[in-house]
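Take a look at the structure set out below.
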Amino acid sequence: MLNLSRYVIIFLQGCEDVKKRTIIDIIIMILLLVLLIFLGTRDYDKNNEGKDSKRFDKDYSMVSSDNVFKYVAEEEVLDILNKGNGIIFMGFKESQWSNYYAKLLNEAALSTNISEIYYYDFLMDREKKSIIYNKIVDMLKNYLTKDDMGVVNVKSPCLIIMKDGNVISFDDETSITKASVTPQDYWTPDKMTEKKQLFENMFISYQGGQNGGEE
């Protein structure tokens, strides 16, 4: 009887050792899994670093790969307009006016330490009159100009700066001047310098400085 009790005790001790080893093994597996996820995420971020800037460089010939533009869809733009913060450039790559505008925006951003400008190519959404695009137009209707038919639309290029869901700066000056002049003729060195300074003041205001403005 004593021998049987001893065997039972030994058996139970063995079970306890197995449980401890199992728990330790599970903990090790969880730690390894977390480590793999972390390394995988870091590699993903590294591989995608600069992806938007390289794409923008290809779409806009006057802007280098050293740029701050991030592609966003209409849903993200609407979200920023509703309650967010951010600098939004609306244009499309087929427009040379957008090309010049993007160049000046990027130069102003780099000189004022702006790390990100959201880029929304609205052309397709405007053509199909998507529901979200129409909501964007409705939210910006006090800033946008009407065409000869009295229709309000986003025109290229256009800049909106949002802070806490409020428009603090807006500019679409060259979107309404392009009928009578080419961008190459319009953008003299003096005008480019003046526009870049305006953008810099807008960005400084966005960051909490004193200067800002609308055109």
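Residues take their numbers from the sequence shown, with the count starting at 1.
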Do you know the tightest heavy-atom contact between [X] and [Y]?
X: K196; Y: A108; answer: O-CB, 3.9 Å
X: L144; Y: V152; answer: CB-CG1, 3.6 Å
X: F69; Y: A102; answer: CZ-O, 3.6 Å

Original post:
Where do D59 and Y71 land on the side chain to side chain donor-acceptor pair (under 3.5 Å) test, with the steps shown first?
Top reply: CA-CA 11 Å; D59 287 345; Y71 286 74; 2.6 Å; yes
**OP:** Say whether, by atom type as modelled, one donor and one acceptor occur between the side chain of N106 and the main chain of D66 under 3.5 angstrom.
**Re:** yes
Original post:
Are I160 and V167 side-chain neighbours, meaning at least one heavy-atom pair lies under 4.5 Å?
Top reply: yes
Subject >> Student check: side-chain heavy atoms of Q184 and Y100 closer than 4.5 Å >> reply: yes
Subject >> Basic-acidic side-chain contact under 4.0 Å: K195, E173 >> reply: yes
Subject >> K83 bridged to D164 by N-O distance under 4.0 Å >> reply: no
Original post:
Taking the six-membered ring of Y133, is NZ or CZ of K128 closer than 6.0 Å to its centre and within 45° of its axis?
Top reply: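 Checked: cation-pi criterion not met.
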Subject >> same_hphob_cluster(V181, L104) at 4.5 Å side-chain heavy-atom cutoff >> reply: yes
Subject >> Interatomic spacing from CG in N134 to NZ in K141 - rounded to 0.5 Å >> reply: 12.0 Å
Subject >> Value rounded to 0.5 Å, distance of CD in E75 from CD1 in I136 >> reply: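 Rounded to the nearest 0.5 Å, the CD-CD1 separation comes out at 8.5 Å.
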**OP:** Applying side-chain contact (heavy atoms from CB on, under 4.5 Å) between F203 and each of L198, I87, N113, report the one that passes.
**Re:**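 Running side-chain contact (heavy atoms from CB on, under 4.5 Å) over L198, I87, N113 with F203 returns exactly one hit, I87.
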**OP:** Could you go through the side chain to side chain contact (heavy atoms under 4.5 Å, CB included) check for S95 and Y101 one step at a time?
**Re:** CA-CA 10 Å; S95 166; Y101 205 85; over 6 Å; no
**OP:** Give a yes-or-no answer on whether the side chains of Y60 and Y119 include a donor-acceptor pair shorter than 3.5 Å.
**Re:**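 Their side chains do contain a donor-acceptor pair, which is all the 3.5 Å distance test asks for.
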